[in-house]
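The basis for the numbers below is simple: all heavy atoms, side chains too, and nothing from hydrogens, waters or symmetry mates. These numbers come from a predicted model, not from an experiment.
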Amino acid sequence: MSFKAAAVQMCSGVDPEKNAAAMARLVREAAAQGATYVQTPEMTGMLQRDRAASRAVLADETHDIIVRTGSELARELGIHMHVGSTAIALADGKIANRGFLFGPDGRILNRYDKIHMFDVDLDNGESWRESAAYTAGSEARVLSLPFAEMGFAICYDVRFPALFRAQAVAGAEVMTVPAAFTKQTGEAHWEILLRARAIENGVFVIAAAQAGRHEDGRETFGHSMIIDPWGTVLASAGATGEAVIVAEIDPAAVKAAHDKIPNLRNGREFSVEKIAGAVAGGVAA
């Protein structure tokens, strides 16, 4: 059956309590528009480049204000509430970049820890080493919900198509990509990557994003999007500031896309052989 999905765009700061209040306000706005599934961005709870300051306010899962607020909102509004991710303190002193999906009763239905760490050096001088603080996840899941089969990814994961293909082969109809894309990489690749993941797998993609200039000085790209299995952008937000975008999701469109282009069914195993680019001592026939 079809359902109405919302992506909530935020500009999270360094105070988890303020971010939780902003999340609650925007999620209630999405539910008022009829959304029964609502997704927030990566690092909903805090964007803080100062690691010492970040660790000072981090909490474990049972005491985290974003986790608690997400559960309360799901129960209050009777929705499936997806906290795209928030930083969770682990027992070993490291941190998980962890997403949570809450059912309408407030229970956690799924956790997803970001698998691919954003360790990059950009042309504008930005350098990121996510693996220095975060523990990478190692498990992908497809969750059976009353309205769709749902797969999970976070931000940098979108650059690894094998993750999405594995979930599509396992039956995912909707892929979720909450993110905090940098402005530079977002301008270059955000939309094309999201649309590619939708097209090549014949699935819906829902991507709630962080947007604008943050308190810690970073700048994120925004442009939250909901994309259908044919690669059409059903809804999108602007480059900066808060927003709520909503679109109707009909899983029947996934079957229609697969019937037209059955690439999941037509995929074949193959080997790769590396060969020399020239033949010594002569010209190939």
[atom1]-[atom2] distance between [X] and [Y], expressed to the nearest 0.5 angstrom:
{"X": "Met23", "Y": "Thr86", "atom1": "CE", "atom2": "OG1", "result": "8.5 Å"}
{"X": "His214", "Y": "Thr220", "atom1": "NE2", "atom2": "OG1", "result": "2.5 Å"}
{"X": "Tyr156", "Y": "Phe181", "atom1": "OH", "atom2": "CZ", "result": "9.5 Å"}
{"X": "Leu109", "Y": "Ser144", "atom1": "CG", "atom2": "OG", "result": "11.5 Å"}

Using side-chain heavy atoms (C-beta onward) and a distance below 4.5 Å, is [X] in contact with [Y]?
{"X": "Ile108", "Y": "Ser71", "answer": "no"}
{"X": "Met10", "Y": "Thr44", "answer": "yes"}
{"X": "Thr62", "Y": "Val67", "answer": "no"}
{"X": "Glu215", "Y": "Gln48", "answer": "no"}
{"X": "Met150", "Y": "Glu173", "answer": "no"}
{"X": "Ile79", "Y": "Tyr37", "answer": "no"}
{"X": "Asn97", "Y": "Met43", "answer": "yes"}
{"X": "Trp230", "Y": "Ile261", "answer": "yes"}

Looking at every heavy atom in both [X] and [Y], which two are closest together, and how far apart are they?
{"X": "Arg218", "Y": "Arg49", "value": "NH2-CG, 3.3 Å"}
{"X": "Ala209", "Y": "Gly222", "value": "CB-O, 3.5 Å"}
{"X": "Pro251", "Y": "Ser2", "value": "CD-CA, 4.1 Å"}
{"X": "Arg213", "Y": "Glu219", "value": "NH2-OE1, 3.1 Å"}
{"X": "Val83", "Y": "Gly70", "value": "CG2-CA, 4.3 Å"}
{"X": "Ile95", "Y": "Leu90", "value": "C-CD1, 3.9 Å"}

Side-chain donor-acceptor contact under 3.5 Å, Ser224 with Gln9: yes

Side-chain donor-acceptor pair under 3.5 Å between Glu200 and Asn263, yes or no? no

Would you mind listing every salt bridge (charged side-chain N to carboxylate O under 4.0 Å, His left out) that reaches into residues 258-273, with sequence neighbours excluded? Lys255-Asp259

What do you reckon, are the aromatic ring centroids of Phe160 and Phe164 less than 6.0 Å apart? no

Ring center gap for His82 and Phe152 short of 6.0 angstrom: yes

Can you check whether [Y]'s main-chain N or O pairs, donor with acceptor, with [X]'s side chain at less than 3.5 Å?
{"X": "Asp64", "Y": "Asp60", "value": "no"}
{"X": "Gln167", "Y": "Met175", "value": "no"}
{"X": "Ser85", "Y": "Gly99", "value": "no"}
{"X": "Gln39", "Y": "Gly84", "value": "no"}
{"X": "Thr176", "Y": "Gly151", "value": "yes"}
{"X": "Arg51", "Y": "Ala133", "value": "no"}
{"X": "Asp157", "Y": "Ile154", "value": "yes"}
{"X": "Asn19", "Y": "Gly45", "value": "yes"}
{"X": "His258", "Y": "Gly202", "value": "yes"}

Is it the case that atom CZ in Arg107 sees more than 12 heavy atoms from other parts of the structure closer than 6.0 Å? no

For Glu248, does the CD atom have more than 12 heavy-atom neighbours from other residues, nucleotides or ligands under 6.0 Å away? yes

Which of these passes side-chain contact (heavy atoms from CB on, under 4.5 Å) with Leu26: Val244, Thr40, Val38? Val244

Fit a plane to each ring of His223 and Phe221, take the angle between them on a 0 to 90° scale, and name the class: parallel (under 30°), tilted (30 to 60°) or perpendicular (over 60°). tilted

Could you check whether the rings of Phe3 and Phe147 sit parallel, tilted or perpendicular, using 30° and 60° as the cut-offs? tilted

Please answer: with hydrophobic residues joined when any side-chain heavy atoms are less than 4.5 Å apart, are [X] and [Y] in the same cluster?
{"X": "Val254", "Y": "Met225", "value": "yes"}
{"X": "Val205", "Y": "Trp190", "value": "yes"}
{"X": "Leu101", "Y": "Ile115", "value": "yes"}
{"X": "Tyr134", "Y": "Leu58", "value": "yes"}
{"X": "Val8", "Y": "Leu47", "value": "no"}

Evaluation steps, side-chain contact (heavy atoms from CB on, under 4.5 Å), between Ile226 and Ile245: CA-CA 8 Å; Ile226 302 175; Ile245 60 172; 4.0 Å; yes

Using a strict threshold of under 4.0 Å (side-chain N to carboxylate O), is an ion pair present between Glu191 and Arg195? yes

With sequence neighbours left out, what residues match Arg68 under side chain to side chain donor-acceptor pair (under 3.5 Å)? none

I would like to know whether Ile227 and Thr232 meet side-chain contact (heavy atoms from CB on, under 4.5 Å); could you show each step before the answer? CA-CA 6 Å; Ile227 302 167; Thr232 302; 5.9 Å; no

Residues that Lys94 engages under side chain to side chain contact (heavy atoms under 4.5 Å, CB included), provided they are two or more places apart: Asp92, Thr135

Let me see the working for Phe102 and His80 under side-chain contact (heavy atoms from CB on, under 4.5 Å), right down to the final yes or no. CA-CA 6 Å; Phe102 302 92; His80 282 82; over 6 Å; no

Report the C-alpha separation of Cys155 and Lys114 in whole Å, then their side-chain angles, then the decisive distance to 0.1 Å, and conclude whether the side-chain contact (heavy atoms from CB on, under 4.5 Å) test is met. CA-CA 8 Å; Cys155 200; Lys114 184 176 181 180; 3.9 Å; yes

